[in-house]
There are 2 protein chains.
Amino acid sequence: MADGLTVGEVADKTGLTAYTLRWYEQVGLLDPIPRDHAGRRRYRLRDVERLDLLTKMRATGMPVREMVRYVALVRAGTHNRRERLELLEQHRTTVLRQISELQRDLAVIDRKITRYRGHLHAEQTD
Amino acid sequence: MADGLTVGEVADKTGLTAYTLRWYEQVGLLDPIPRDHAGRRRYRLRDVERLDLLTKMRATGMPVREMVRYVALVRAGTHNRRERLELLEQHRTTVLRQISELQRDLAVIDRKITRYRGHLHAEQTD
DNA sequence: CTCGCAGTTAGAGCACACTCGAAGTCAAGC
DNA sequence: GCTTGACTTCGAGTGTGCTCTAACTGCGAG
């Protein structure tokens with residue numbers, strides 16, 4: 001058929017729903033997706049590539065609002081690469097902090113687990 | 001004054017707001033907090049200790065619904081320690097997966113960062 | 001005694017990120 | 001030619017986790 005993927009195909013590929021893909025376009029995360037003669041979206045390679053980065057940003061907790069800001073920079077041209085870089089580096093720092101907080105908090109939970117294991121072991125040997 | 005901490009003091013200590021503390025009690029994450037003669041909450045040590053675990057659970061992404069389930073087990077007595085342990089171990093697994101997904105997703109973002117650094121370096125040396 | 005602040009309640013409101021319903025169009029298979 | 005199913009739009013609805021408003025009470029400082 002026509003080239004480009006349908007919304008359903010992209011949904012399968014990215015793990016997002018078709019609803020979400022249309023919504024992403026609406027809020028400005030995707031440039032307007034070209035349509036076939038029947039008005040149906042046909043996602044190009046570059047749209048799917050963009051989604052690849054976007055889903056990683058979301059999965060690491062970047063708010064949609066900030067992703068929109070990044071995409072706006074991309075759309076604005078190549079002169080702001082430094083700003084884009086700063087945004088990504090900032091996020092990188094945030095994610096690293098996030099990971100180490102998870103590890104720290106998990107340690108508290110682990111101590112609790114150890115305690116329960118102790119209780120159960122004591123019961124067993126009574 | 002009376003012993004036990006006020007809601008404001010506990011808010012400061014835990015980083016939660018007073019609103020959230022009252023809401024936690026309302027949804028069953030905290031047992032009813034005893035009141036002083038004027039009807040004001042006085043949090044006991046064990047309430048604060050419970051909050052210490054609860055905030056770690058939340059911070060690692062456990063849904064409130066599941067925390068409520070855990071607290072219900074605690075309230076039900078000591079005979080279900082195995083069930084509590086299983087719940088915590090399950091969560092532990094979830095958090096570990098979460099961490100490694102963050103690391104995997106961050107790698108994609110890191111590649112993008114590297115690309116931008118390359119661009120900027122090229123510009124510089126032109 | 002008055003002021004100001006911290007607390008109380010019930011219930012409403014909010015931010016975020018989707019998620020869905022309704023009503024319609026189109027293309028391909030039987 | 002009719003049905004099926006994937007697509008379209010627009011706007012409304014949902015789940016989660018708080019967050020706040022309004023109206024009120026009561027303690028402690030000056």
Chemist: Closest-nucleotide mapping onto DNA chain D: is His37(B) or Val7(A) further toward the 5' terminus? I mean the 5' end.
Modeler: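 Nearest nucleotide further toward 5': that of Val7(A).
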
Chemist: Check this for me: does any side-chain nitrogen of one of Glu89(B) and Arg84(B) sit under 4.0 Å from a carboxylate oxygen of the other?
Modeler: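 So Glu89(B) does not pair with Arg84(B) through a salt bridge.
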
Chemist: Would the number of heavy atoms belonging to other residues, nucleotides or ligands and lying under 6.0 Å from CZ of Arg44(B) be above 12?
Modeler: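 Atom CZ in Arg44(B) is packed in, count exceeds 12.
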
Chemist: Is there a residue in residues 89-107 of chain B whose heavy atoms reach under 4.0 Å of DNA chain D, and which residues are they?
Modeler: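 Hits under 4.0 Å, by residue number: none.
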
Chemist: Would you mind reading off the distance between Leu16(B) atom CG and dT19(D) atom C1', rounded to a whole angstrom?
Modeler: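 Distance, rounded to whole Å: 13 Å.
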
Chemist: Below 3.5 Å, can you tabulate the donor-acceptor pairs from side chains in residues 66-73 of chain A to any protein atom, sequence neighbours excluded?
Modeler:
unit_1	atom_1	unit_2	atom_2	d
Tyr70(A)	OH	Tyr116(B)	OH	2.9

Chemist: Sequence neighbours left out, what pairs pass side chain to side chain donor-acceptor pair (under 3.5 Å) with at least one residue falling in residues 20-33 of chain B?
Modeler: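 Those involving residues 20-33 of chain B are Thr17(B)-Thr20(B), Glu25(B)-Arg41(B), Asp31(B)-Arg50(B), Asp31(B)-Arg75(B).
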
Chemist: In degrees rounded to 10°, what angle is found between the helical axes fit to the five outermost pairs at each end of the helix from dC1(C)-dG30(D) to dC30(C)-dG1(D)?
Modeler: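 Comparing the axis at each end, I get an angle of 0°.
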
Chemist: Could you state the CE-P distance from Met62(B) to dC18(D), rounded to the nearest angstrom?
Modeler: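 So the CE-P distance, Met62(B) to dC18(D), works out to 14 Å.
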
Chemist: How many Å lie between CG on Asp36(B) and P on dG26(D), as a whole number?
Modeler: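 After rounding, the gap between these two atoms is 11 Å.
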
Chemist: Does anything in residues 99-113 of chain B pair up under side chain to side chain donor-acceptor pair (under 3.5 Å), and if so which pairs, sequence neighbours excluded?
Modeler: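 Listed by first then second residue: Arg92(A)-Asp110(B).
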
Chemist: With heavy-atom distances below 4.5 Å as the criterion, would you say the side chains of Arg42(B) and Asp47(B) are in contact?
Modeler: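 No - every pair of side-chain heavy atoms lies 4.5 Å or more apart.
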
Chemist: Is the count of non-hydrogen atoms from other residues, nucleotides or ligands lying under 6.0 Å from Glu9(B) atom CD greater than 12?
Modeler: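 Enclosed.
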
Chemist: Rounding to a whole Å, what distance do you find between Asp12(A):CG and dG5(D):P?
Modeler: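 Interatomic distance, CG of Asp12(A) to P of dG5(D): 16 Å.
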
Chemist: Say you draw a straight line from CG of Leu53(A) to NZ of Lys56(A); how long is it, rounded to the nearest 0.5 Å?
Modeler: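 With rounding to 0.5 Å, CG (Leu53(A)) is 9.0 Å from NZ (Lys56(A)).
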
Chemist: Check this one for me: any side-chain N or O of Arg58(A) less than 4.0 Å away from OP1 or OP2 of dC18(C)?
Modeler: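 For dC18(C), OP1/OP2 do have a side-chain N/O of Arg58(A) under 4.0 Å.
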
Chemist: In residues 19-35 of chain A, which residues come under 4.0 Å of DNA chain D by heavy atom?
Modeler: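 Contacting residues: Arg22(A), Arg35(A).
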
Chemist: Glu66(B) CD to dG15(D) C1': how many Å, rounded?
Modeler: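 Distance, rounded to whole Å: 16 Å.
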
Chemist: I'd like to know if the side chain of Arg81(A) and the backbone of Leu85(A) have a donor-acceptor N/O pair within less than 3.5 Å.
Modeler: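 No; judged by distance alone, with no hydrogens or angles, the pair does not exist.
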
Chemist: Rounded off to whole Å, could you give me the CZ-to-P distance for the Arg40(A) and dG5(D) pair?
Modeler: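 Rounding to the nearest Å, CZ of Arg40(A) and P of dG5(D) are 16 Å apart.
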
Chemist: Do the side chains of Leu51(A) and Leu21(A) get nearer than 4.5 Å, heavy atoms only?
Modeler: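 They are in side-chain contact.
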
Chemist: Would one find more than 12 heavy atoms of other residues, nucleotides or ligands at under 6.0 Å from atom CZ of Arg82(B)?
Modeler: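 For Arg82(B), atom CZ is not crowded (no more than 12 foreign heavy atoms under 6.0 Å).
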
Chemist: Arg41(A) has an atom CZ; how far is it from atom P of dA27(C), in whole Å?
Modeler: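 After rounding, the reported distance stands at 16 Å.
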
